[in-house]
A.B. asks: 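Following this message is one structure expressed as structure tokens.
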Amino acid sequence: MAEIPKAYEPQAVEEKWYGFWLKENCFAADPKSPKPAYSIVIPPPNVTGMLHMGHVLNNTIQDLLCRKARMEGKEVLWLPGTDHAGIATQAVVEKTLRKQGLMRYRDDLGREKFLEHVWAWKEKHGGIIIQQLKKLGCSCDWSRERFTMDPAYSKGVQRVFVDLYNKGLIYRGKRMVNWDPAARTALSDEEVEMTERNGHLWHIKYPLLDQDGKPSADEFLVVATTRPETMLGDEAVAVNPEDPRYTPIVGRKCLLPLQNKAIPIIADSFVDPKFGTGCVKVTPAHDPNDYQMGQRHGLPLTVVIGADGAMTPAAGAEFSGLDRADARKLAVEKLTAAGLLLKTEDYVHNVGYSQRSGVPIEPFLSEQWFLKYPAVEPSIRAVEEGRIAFHPERWSKTYSHWMGNLRDWCISRQLWWGHRIPVWYRKSANGEPPEVSCQIESPGPGWEQDPDVLDTWFSSWLWPFATMGWPDQTDTLKKFYPTTDLVTGPDIIFFWVARMIMAGHEYLGDLPFRNVYFTGIIRDKQGRKMSKSLGNSPDPLELIAKYGADALRFGTMRSAPLGQDVLFDEKDVELGRNFCNKLWNACRFRQMHGGEVQAEIDPKRLTSDDKWVLLKLDRAIHEITQAFADYRFNEASQTLYRFFWNEYCDWYVEASKAVLHGTDEAQKASTLAVIDFVLSHAVRLFHPFLPFITEELWHGMGYSADMPASQGGKTIIFAPWPKALDEDFIHHYGLQETVAAAVDARYELVSQGRNLRREGNIPAAKKVKYILKPSGGLSAQEAEVIKLLLNAEALELQPEYQPEKGTPVVHSSLGELYLPLSGLVDTAAEKVRLGKEAEKIEAEIIKAEQRLNNPSFTQKAPPNVLQEHQKRLADWKAKREQVQAALDRLKE
RNA sequence: GCGCGCUUGGCUCAGUGGUAGAGCACUUCCUUCACACGGAAGGGGCCGCAGGUUCGAAUCCUGCAGCGCGCACCA
């Protein structure tokens with residue numbers, strides 16, 4: 001065993017072992033392996049993205065699952081890759097090119113040239129996030145890294161498009177879509193975020209026209225609108241057909257101000273007579289509801305806002321070219337000047353914003369491609385029947401709700417970066433509509449491909465199988481599909497999860513994964529979402545550099561409960577680092593005592609402390625295994641923390657010094673064997689959380705030497721996952737719960753004894769003598785442990801001890817522990833202390849008696865609970881007697 | 001409007017029918033031969049409010065309040 005440094009230094013260790021794992025191909029998945037398969041496909045990060053805390057949370061969980069599965073003897077495939085992220089990537093590149101002065105708008109460069117720039121960008125930045133994942137310790141099979149625009153992957157995307165087109169599920173149509181005027185593309189409904197805004201409701205007078213088309217001086221309608229600039233495109237005013245106030249004027253016309261245009265008054269049941277004035281202005285080209293009404297009433301579509309968000313010439317000379325926001329201001333000004341603005345109310349309403357560019361969405365009429373979702377029914381059933389299990393389960397409700405209200409998916413984007421739509425057109429000579437052909441390759445000369453690309457999610461939804469070589473029946477697909485677990489955020493349940501389930505059912509006739517783990521969202525200490533603009537998003541790589549990857553992983557896992565948002569605090573990472581250091585030093589302590597790894601535990605030499613720690617280890621293994629089964633990683637990490645720090649280090653290691661500092665060599669060897677047993681288990685239990693330090697210790701401590709090369713001899717990655725101790729083991733080593741309880745009582749006595757020392761203001765370093773008046777048997781070794789843990793000069797066992805008046809004492813089931821302080825006794829202080837204790841005991845006794853005196857409790861409570869309460873009462877009563885006796889002695 | 005989640009010590013959160021827990025922060029003491037990225041002892045909570053079920057509720061049910069998040073075509 002090599003000497004190891006005093007504090008754990010992660011940097012060199014991390015680099016060394018990650019390189020080793022790669023060199024030894026430890027993460028490679030073998031489709032020919034006879035082992036049972038375990039697989040995860042990574043939620044592909046944006047190819048040009050940078051690692052953030054969300055990735056840390058998400059990928060640590062995946063790594064945890066994969067590493068545990070390997071230790072359990074599974075053949076593991078964690079398939080990594082990146083997403084081309086259409087709009088996001090294109091926007092970044094456009095911005096850069098604009099900054100460099102290479103273009104103002106992408107048309108300046110043209111499609112080919114522009115795409116060259118994007119690919120160059122991808123080549124330059126595309127590998128960054130992959131390298132960052134490696135720093136985190138992710139055990140992905142990098143030989144299988146995929147990109148959603150790999151040639152083979154693209155083929156799959158196009159094939160699916162053609163197939164769905166041929167099935168009649170994909171169609172083209174002119175619709176009112178969500179338009180992003182900044183990115184100048186259509187978006188899906190899911191990419192629009194409704195945000196509550198403080199706006200205004202402007203009440204505008206529309207004068208009625210008489211028979212001659214002359215505006216009436218005193219007859220007018222009042223319409224209320226949140227978007228006065230759209231009135232330039234109004235084609236009607238609508239009222240409810242049942243509204244008696246307005247039925248007489250339906251069919252007449254009114255004057256559209258600013259445009260000086262006559263528009264009809266129509267009746268439509270969409271209008272709610274109780275809202276506002278009961279009159280609605282109708283702008284068919286710029287509002288989805290108005291569009292519907294326009295269709296019903298045959299109204300013209302006057303487009304006053306263009307694709308760039310600026311007013312068109314149709315808006316009139318004064319407005320043409322103005323941005324929509326400026327047009328609103330001008331419209332209000334002009335209406336005010338004309339005396340047509342009746343009032344302006346403050347009004348809170350929801351406005352749709354582009355999730356990508358952050359600008360308000362414009363309802364916009366355009367020709368787009370739509371998909372009617374396939375395999376909807378089986379996809380709903382798969383989740384409802386639990387064949388796909390959501391963790392936490394409640395998200396299945398969100399899923400079902402969305403799946404039950406599906407609307408066709410707008411899949412075309414007016415972008416260049418993405419999969420181009422495999423549809424071809426050939427102009428016909430005689431003005432007829434062009435010929436259309438949907439196929440992957442060009443049908444030949446004279447055919448032009450549709451200029452649009454597909455929504456990024458139209459490629460992502462194929463990720464679980466398109467990454468495995470589909471449509472070919474590859475070995476990988478056969479072995480690892482369907483995947484086992486998916487780990488992702490609930491924010492993409494519609495974008496990605498639901499769509500993957502449908503694609504899986506449509507193309508492979510089965511579910512794509514069996515479990516979906518939804519992480520929480522990482523927030524800052526104040527609970528705000530992390531964002532670049534707030535500057536509250538810590539750089540994980542800086543945290544890794546400062547604390548180590550293991551520390552970052554452990555801290556994150558420890559504070560991330562299932563399904564709950566995580567408030568990130570650097571303190572958590574600090575805790576992780578401190579924990580690694582504790583683990584490190586616990587191993588140094590073992591090393592200090594030298595000798596070979598002790599493989600065999602001798603049952604005859606086990607002390608009660610040894611048995612206690614083995615039982616605690618057993619309980620920890622049970623709890624951790626259950627926590628993993630429930631996807632409760634925070635519980636698993638907390639159990640590990642408690643076991644290792646509190647139980648093993650604080651109590652067992654300290655107690656073991658009674659043996660290790662002694663002279664009995666055979667007993668020392670026995671203790672070291674227990675330590676080796678516990679440590680070699682603990683290091684493996686920690687490995688999924690702390691891959692680097694555990695690998696280092698696995699080798700440094702010599703535990704790898706006991707294992708065959710395929711099972712931990714070479715690397716801890718394949719070391720067997722610890723099993724709970726079996727009955728034979730427990731019987732063989734005499735590990736009864738009663739032993740553990742007795743040791744618990746002994747440690748409790750020690751705590752109380754230390755408290756006496758504090759209460760007496762005796763410096764920790766000062767050696768003092770304690771006297772124990774035992775109530776039962778205590779071995780010499782156990783007494784030695786008590787002495788050591790109390791840091792006492794001596795512990796005298798005196799069954800007949802008669803204390804001097806006022807000697808401080810504590811009481812327990814093991815007996816009375818006195819701290820005789822020759823000449824230094826403060827009787828008054830001791831009286832106060834014992835008085836307080838007596839009060840506490842009295843309160844507990846009253847509580848217990850009340851319960852036990854209640855006949856319905858004694859009749860109805862289960863026997864074990866009843867017994868427990870009876871025992872509790874008896875214990876408190878015994879203690880009361882002891883304390884009372886001590887108090888009486890003070891009075892003499 | 002509908003749905004979901006949260007409300008437990010100063011802070012962040014576990015706990016989910018039988019004596020209120022952790023980490024951090026705080027107080028006091030200790031550089032003792034694994035670790036000051038440490039050790040020891042301690043203070044601090046009528047578990048949001050009101051009802052109900054139960055022998056027994058922080059825990060189950062019902063209402064209410066506050067906060068957060070989804071979904072929804074009301075100008």
Side-chain angles (χ1 to χ4, degrees), chain A residues 4 6-8 194 201 223-227 230 238 270-272 274-283 287-292 347 349-350 363 392 394-395 397-398 401-402 405 490-491 493-494 520-521 523 525 527 547 551 555 558-561 563-569 571-572 574-593 632 634-635 638 641-642 646 649-650 653-654 657 661 750-752 754-759 761-767 789 791 844 847-848 851 854-862 864-866 868-869 872 876:
Chain A
I4 54 182
K6 189 166 170 176
Y8 173 57
M194 299 304 283
L201 198 53
V223 300
T225 181
T226 54
R227 300 196 61 194
T230 62
F270 166 78
V271 180
D272 176 1
K274 289 189 288 295
F275 187 90
T277 58
C279 292
V280 183
K281 62 190 265 317
V282 182
T283 320
D287 182 276
N289 294 313
D290 293 5
Y291 177 75
Q292 297 295 328
Y347 188 67
H349 65 309
N350 289 318
R394 66 186 149 85
W395 291 111
K397 204 163 180 172
T398 307
H401 183 257
W402 189 75
N405 295 280
D491 50 333
I493 190 166
F494 310 140
I521 295 167
R523 297 170 180 282
K525 257 195 282 189
Y547 299 103
R558 199 169 174 283
S559 57
Q564 225 53 47
D565 286 356
V566 185
L567 298 204
F568 176 81
D569 187 341
K571 286 269 178 209
D572 293 326
E574 203 176 311
L575 176 129
R577 178 202 57 183
N578 294 354
F579 185 79
C580 289
N581 194 241
K582 190 73 180 177
L583 178 61
W584 186 255
N585 276 290
C587 288
R588 280 184 70 219
F589 174 80
R590 164 65 186 90
Q591 277 202 324
M592 241 175 49
H593 292 90
R632 294 179 181 275
N634 68 317
E635 280 181 23
Q638 282 171 34
Y641 187 95
R642 183 206 68 218
N646 301 133
C649 289
D650 288 349
V653 169
E654 293 307 319
K657 289 175 182 173
H661 294 174
V750 167
S751 282
Q752 289 188 62
R754 286 164 172 171
N755 182 238
L756 274 188
R757 176 195 277 276
R758 282 287 304 135
E759 297 271 342
N761 273 324
I762 298 158
K766 185 171 176 179
K767 296 270 180 184
L789 293 178
N791 192 27
E844 292 294 341
K847 224 161 73 181
R851 192 162 289 178
N854 182 348
S856 38
F857 172 72
T858 47
Q859 281 159 28
K860 293 190 179 174
N864 61 321
V865 172
L866 186 60
E868 204 184 305
H869 280 80
R872 203 176 296 155
W876 283 120

A.B. asks: Please work out the stems of RNA chain B from pairs that are Watson-Crick or G-U wobble with both distances under 3.5 Å, keeping only runs of three or more consecutive pairs.
C.D. replies: B:1-7 with B:65-71, B:10-13 with B:21-24, B:26-30 with B:38-42, B:48-52 with B:60-64
A.B. asks: Of A/Val750 and A/Val653, whose closest RNA chain B nucleotide lies nearer the 5' terminus?
C.D. replies: A/Val653
A.B. asks: Taking only the C1' atom of each, what is the distance from B/rA22 to B/rG45 in whole angstrom?
C.D. replies: 14 Å
A.B. asks: A/Arg872: what forms a side-chain hydrogen bond (donor to acceptor under 3.5 Å, both in side chains) with it, not counting sequence neighbours?
C.D. replies: A/Glu868, A/His869
A.B. asks: Would you indicate, yes or no, if B/rA40 has its OP1 or OP2 atom less than 4.0 angstrom from a side-chain nitrogen or oxygen of A/Ser751?
C.D. replies: no
A.B. asks: Measuring only the P atom in each nucleotide, how far is B/rG38 from B/rA72? A whole number of Å is fine.
C.D. replies: 49 Å
A.B. asks: Please check the phosphate of B/rU19 (OP1 and OP2 only) for any side-chain N or O of A/Arg872 closer than 4.0 Å.
C.D. replies: yes
A.B. asks: Please work out if A/Arg642 contacts a base, only the sugar-phosphate, or nothing of the nucleic acid, heavy-atom cut-off 4.0 Å.
C.D. replies: nothing
A.B. asks: Choose from B/rC35, B/rG18, B/rC55 the nucleotide whose nearest atom is closest to any side-chain atom of A/Lys582.
C.D. replies: B/rC35
A.B. asks: In whole angstrom, what separates A/Leu575's CG from B/rC37's P?
C.D. replies: 14 Å
A.B. asks: Between B/rC33 and B/rU27, how far is it from one C1' atom to the other, in whole Å?
C.D. replies: 29 Å
A.B. asks: Just to be sure I understand the rule, does A/His869 reach a base, reach only the sugar-phosphate, or reach nothing, if contact means heavy atoms closer than 4.0 Å?
C.D. replies: sugar-phosphate
A.B. asks: Can you tell which of B/rA14, B/rC37, B/rA40 lies closest to the side chain of A/Asn581?
C.D. replies: B/rC37
A.B. asks: Below the 4.0 Å mark, does B/rC37 have OP1 or OP2 next to a side-chain nitrogen or oxygen of A/Arg577?
C.D. replies: no
A.B. asks: Please identify each residue that fulfils salt bridge (charged side-chain N to carboxylate O under 4.0 Å, His left out) with A/Lys571, with sequence neighbours left out.
C.D. replies: none
A.B. asks: Holding to side-chain hydrogen bond (donor to acceptor under 3.5 Å, both in side chains), I want the full list of residues that pass it with A/Asn581, two or more places apart in sequence or in another chain.
C.D. replies: A/Asn585
A.B. asks: Which whole-number value in Å describes the distance from A/Arg757 CZ to B/rA40 C1'?
C.D. replies: 9 Å
A.B. asks: Decide if atom NE2 of A/His661 counts as having more than 12 heavy atoms of other residues, nucleotides or ligands within a radius under 6.0 Å.
C.D. replies: yes
A.B. asks: What nucleic acid atoms does A/Pro862 come within less than 4.0 Å of, heavy atoms only: base, sugar-phosphate, or nothing?
C.D. replies: base
A.B. asks: Send over the distance from A/Gln638 CD to B/rC24 P, rounded to a whole Å.
C.D. replies: 12 Å
A.B. asks: Give me the distance, rounded to whole Å, that separates B/rG17 from B/rG5 when you measure between the C1' atoms they each carry.
C.D. replies: 23 Å
A.B. asks: Nearest whole angstrom, please: distance from the C1' of B/rU12 to the CG of A/Asn634.
C.D. replies: 13 Å
A.B. asks: Can you sort out the partners of A/Gln292 under side-chain hydrogen bond (donor to acceptor under 3.5 Å, both in side chains), two or more places apart, ordered by chain and number?
C.D. replies: none
A.B. asks: I'd like the P distance from B/rA57 over to B/rC4, given in whole Å.
C.D. replies: 27 Å
A.B. asks: So, is A/Asn755 near the phosphate of B/rG42, with a side-chain N or O under 4.0 Å from OP1 or OP2?
C.D. replies: yes
A.B. asks: Salt bridge (charged side-chain N to carboxylate O under 4.0 Å, His left out) with A/Arg758: which residues, sequence neighbours excluded?
C.D. replies: none
A.B. asks: Do you know the tightest heavy-atom contact between A/Cys580 and A/Tyr8?
C.D. replies: CB-CD2, 4.0 Å
A.B. asks: Output all residues satisfying salt bridge (charged side-chain N to carboxylate O under 4.0 Å, His left out) with A/Glu574, sequence neighbours left out; order by chain, then residue number.
C.D. replies: none
A.B. asks: In whole angstrom, what separates A/Leu583's CG from B/rA34's P?
C.D. replies: 17 Å
A.B. asks: Once you round it to whole Å, what is the distance between P of B/rC35 and CD of A/Glu654?
C.D. replies: 11 Å
A.B. asks: Please list, chain by chain and in numerical order, all residues satisfying salt bridge (charged side-chain N to carboxylate O under 4.0 Å, His left out) with A/Arg577, sequence neighbours excluded.
C.D. replies: none
A.B. asks: Would you mind reading off the distance between A/Asp650 atom CG and B/rA22 atom P, rounded to a whole angstrom?
C.D. replies: 13 Å
A.B. asks: Compare side-chain N and O positions of A/Arg632 against OP1 and OP2 of B/rG15 and report whether any pair is under 4.0 Å apart.
C.D. replies: yes
A.B. asks: Taking the nucleotide of RNA chain B with the nearest heavy atom to each, does A/Asn578 or A/Glu844 sit closer to the 5' end?
C.D. replies: A/Glu844
A.B. asks: Could you tell me which non-hydrogen atom of A/Val282 sits nearest to which non-hydrogen atom of A/Ala238, and how far apart they are?
C.D. replies: CG2-CB, 3.7 Å
A.B. asks: Indicate the atoms forming the closest heavy-atom contact of A/Val280 with A/Val223, along with that distance.
C.D. replies: C-CG1, 4.3 Å
A.B. asks: Roughly how many Å apart are B/rA14 and B/rG23, using the C1' atom of each and rounding to a whole number?
C.D. replies: 10 Å
A.B. asks: Can a side chain N or O of A/Lys657 be found less than 4.0 Å away from OP1 or OP2 on B/rA34?
C.D. replies: yes
A.B. asks: Where the side chain of A/Asn585 is defined as all heavy atoms beyond and including C-beta, which of B/rA41, B/rC35, B/rC55 is the nearest nucleotide?
C.D. replies: B/rC35
A.B. asks: Round to a whole Å and report the spacing from CG of A/Asn646 to C1' of B/rG23.
C.D. replies: 11 Å
A.B. asks: Which is true for A/Glu574 with a 4.0 Å heavy-atom rule: it touches a base, it touches only sugar-phosphate, or it touches nothing?
C.D. replies: nothing
A.B. asks: Tabulate atom names and distances for all N/O pairs under 3.5 angstrom spanning the protein and nucleotides 69-75 of chain B.
C.D. replies:
residue	atom	partner	partner atom	Å
B/rA72	OP1	A/Arg407	NH2	3.2
B/rA72	N6	A/Asn350	ND2	2.8
B/rC73	O2'	A/Asn289	ND2	2.7
B/rC73	O2	A/Asn289	OD1	3.3
B/rC74	N3	A/Asp272	OD2	3.0
B/rA75	OP2	A/Tyr347	OH	2.9
B/rA75	O2'	A/Ala224	O	2.5
B/rA75	N6	A/Asp272	O	2.5
B/rA75	N6	A/Phe275	O	2.9
B/rA75	N1	A/Asp272	N	3.2

A.B. asks: P atom, B/rA58 versus B/rC49: distance in rounded Å?
C.D. replies: 11 Å
A.B. asks: Between B/rU7 and B/rG48, how far apart are the P atoms? Round to whole Å, please.
C.D. replies: 8 Å
A.B. asks: Counting side-chain heavy atoms from C-beta on, which of B/rC24, B/rC29, B/rU19 comes nearest to A/Lys847?
C.D. replies: B/rU19
A.B. asks: Taking the side chain of A/Glu868 as its heavy atoms from C-beta onward, which of B/rA34, B/rG38, B/rU19 lies nearest to it?
C.D. replies: B/rU19
A.B. asks: Quick check for you: to the nearest 0.5 Å, what is the distance between A/Asn578 atom CG and A/Tyr641 atom OH?
C.D. replies: 7.5 Å
